[in-house]
Amino acid sequence: MFLQGKTALVTGSTSGIGLAIARTLASAGANVMLNGFGDAASIEATRAEIAGGGTKVGYDGADLTDAEAVERLVRRTADEIGPVDILVNNAGIQHVAPVDAFPVDKWNLVIALNLSAAFHTIRLTLPAMKEKGWGRIINTASAHSLVASPNKSAYVAAKHGIAGLTKTVALEVAQAGITANCISPGYVWTPLVENQIPDTMRTRGLTREQVMNDVLLAAQPTKRFVSVDQVAGLALFLCRDEAAAITGANLSMDGGWTAQ
Ligand code: NAD
């Protein structure tokens with residue numbers, strides 16, 4: 001229980017990777033603020049189940065594309081659980097379209113959530129981390145923070161952006177006991193991936209199986225999806241003292257994708 005007494009804010013933790021990270025941090029003793037969208041009853045059931053492990057677990061459904069909502073989320077986390085020690089910027093969305101047909105509102109949404117929200121959570125949580133002389137900032141980036149794919153201009157731009165933001169923050173707080181890193185998964189089997197299958201089937205005229213094997217896993221040499229628990233395991237390691245020298249890193253977990 002090495003995270004006992006620590007407060008973790010995990011954005012986008014009602015589903016997929018974020019939920020696995022929240023569960024894993026709580027199982028190591030952290031108190032956790034969950035965030036994200038979804039069915040109220042099932043979110044409450046998840047919250048209660050994680051809290052059953054003996055740590056404090058809250059939930060706030062802030063829409064992180066709204067900077068004022070992010071401010072309220074960080075304030076509520078400090079008031080109800082504690083000042084944030086571990087910040088996991090994980091909420092993210094995807095939209096797939098050629099750049100010259102990319103809907104402007106979708107561009108703005110992807111950049112606001114996948115990049116600007118992390119700027120806001122970081123700027124709002126850093127002062128308390130500096131005061132304590134300890135902090136962990138973990139950003140779920142993507143293989144798309146290192147390489148591109150067609151039809152994902154906003155996502156690739158935002159993910160490259162968060163990798164740059166992470167490096168900058170790491171340098172600014174290098175002597176303050178705070179680390180900032182990206183985890184960059186390849187394709188992880190989550191609702192985000194599942195939901196882009198119909199769009200890709202339509203834009204490329206493929207079957208579901210073809211999208212899974214020939215598009216999604218085409219670039220992943222292991223030919224296996226990454227699991228949410230593998231990503232959560234790395235996030236947990238980054239919280240350990242043994243990881244104190246890892247900062248400003250962009251850690252790939254992509255089945256060899258970006259080795260090519
Ligand atoms: P997911 O769709 O399962 O989860 C996304 C989470 O973000 C959900 O909790 C959702 O409610 C929340 N969310 C969406 N819009 C929000 C908003 N406006 N405000 C607050 N919360 C919001 O997706 P996932 O696959 O678990 O993705 C999590 C992160 O991992 C994302 O940043 C994604 O880009 C990244 N990622 C995913 C994969 C993958 O293959 N699944 C690969 C690389 C990176």
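Order of appearance sets the numbers: ligands from 1, and atoms from 1 within every ligand.
Here the protein heavy atom with the shortest distance to atom 4 (O) of ligand 1 is S15 OG, 3.7 Å. Protein heavy atom at the shortest distance from atom 7 (O) of ligand 1 is G12 CA, 3.4 Å. In terms of protein heavy-atom proximity, atom 23 (O) of ligand 1 is closest to L192 CB, 3.2 Å. From the protein, the heavy atom lying nearest to atom 13 (N) of ligand 1 is A91 CB, 4.3 Å. Distance from atom 41 (N) of ligand 1 to its nearest protein heavy atom, with residue and atom name: T190 OG1, 3.0 Å. The single protein non-hydrogen atom nearest to atom 43 (C) of ligand 1 is P185 O, 3.4 Å, given as residue, atom name and distance. Protein heavy atom at the shortest distance from atom 18 (N) of ligand 1 is D63 OD1, 2.9 Å. Distance from atom 40 (O) of ligand 1 to its nearest protein heavy atom, with residue and atom name: V188 N, 2.6 Å.
Only backbone heavy atoms of S13 (N, CA, C or O) come within less than 4.0 Å of ligand 1; its side chain stays farther off.
In the displayed structure, R224 atom CZ is contacted under 6.0 Å by at most 12 heavy atoms of other residues, nucleotides or ligands. Residue E131 places its CD atom among 12 or fewer non-hydrogen atoms of other residues, nucleotides or ligands, all under 6.0 Å distant. Counting heavy-atom neighbours within 6.0 Å of Q175 CD, excluding the residue itself, gives a total of 12 or less.
Remark: distances from the non-hydrogen atoms of G38 to ligand 1 are all 4.0 Å or more. For the pair G186 and ligand 1, a heavy-atom separation below 4.0 Å is found. Contact between A62 and ligand 1 is present, with at least one heavy atom of the residue lying under 4.0 Å from the ligand. Residue A141 places a heavy atom less than 4.0 Å from ligand 1. Within the structure, ligand 1 lacks H144 among the residues with a heavy atom less than 4.0 angstrom away.
Of all the atoms in ligand 1, the ones that sit under 4.0 Å from a non-hydrogen atom of G92 are 5 (C), 7 (O), 31 (C), 32 (O). Every atom of ligand 1 with a heavy atom of V193 under 4.0 Å away is listed here by number and element: 39 (C), 40 (O), 41 (N). Within ligand 1, counting atoms from 1 as listed, the ones closer than 4.0 Å to a heavy atom of G16 are 3 (O), 26 (O). Atom numbering of ligand 1 starts at 1 in the shown order; those under 4.0 Å from a heavy atom of N35 are 20 (C), 21 (N).
Taking the six-membered ring where tryptophan is involved, the planes of F102 and W107 are perpendicular, since the angle between them exceeds 60° and thus also 30°.
S184 and S145 are linked by a side-chain donor-acceptor pair at a separation below 3.5 angstrom, with hydrogens and angles left out of the test. With no hydrogens or angles considered, a side-chain donor-acceptor pair links D63 and T65 at under 3.5 Å. Counting only N and O atoms by type, the side chains of Q196 and K152 include a donor and acceptor under 3.5 Å apart.
Annotation: G36 places no N or O atom under 3.5 Å from an N or O atom of ligand 1; distance criterion only. The N/O atoms of S142, backbone and side chain alike, include none that comes under 3.5 Å of an N/O atom in ligand 1. For ligand 1, none of its N or O atoms has an N or O atom of L113 under 3.5 Å away. At under 3.5 Å, a nitrogen or oxygen of I17, whether backbone or side chain, sits near a nitrogen or oxygen of ligand 1.
Considering each of Y187, F37, W189, Y155, the one bringing a non-hydrogen atom nearest atom 36 (N) of ligand 1 is Y155. In this structure, of T14, N90, T140, the residue bringing a heavy atom nearest to atom 31 (C) of ligand 1 is N90.
Contact check for V88 versus L9: no side-chain heavy atoms found under the 4.5 Å cut-off.
Comment: R75 does not engage E80 in a salt bridge, judged by the lack of any side-chain N to carboxylate O separation of less than 4.0 angstrom. Salt-bridge annotation for R76 and D79: absent, with no side-chain N of the basic residue lying under 4.0 Å from a carboxylate O of the acidic one.
Between the N31 side chain and the K56 main chain, a donor and an acceptor come within less than 3.5 Å of each other. Of the possible donor and acceptor atoms, none in the side chain of N35 sits under 3.5 Å from a partner among the backbone N and O of G61. When atom types are taken as modelled, the side chain of R208 and the backbone of I197 share no donor-acceptor pair closer than 3.5 angstrom.
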Exercise for review: Decide ring-ring contact (aromatic ring centres under 6.0 Å, His included) for Y155 and H95; before the verdict, give the C-alpha distance in whole Å, the side-chain angles of both, and the deciding distance to 0.1 Å.
Suggested key: CA-CA 7 Å; Y155 189 85; H95 187 81; over 10 Å; no

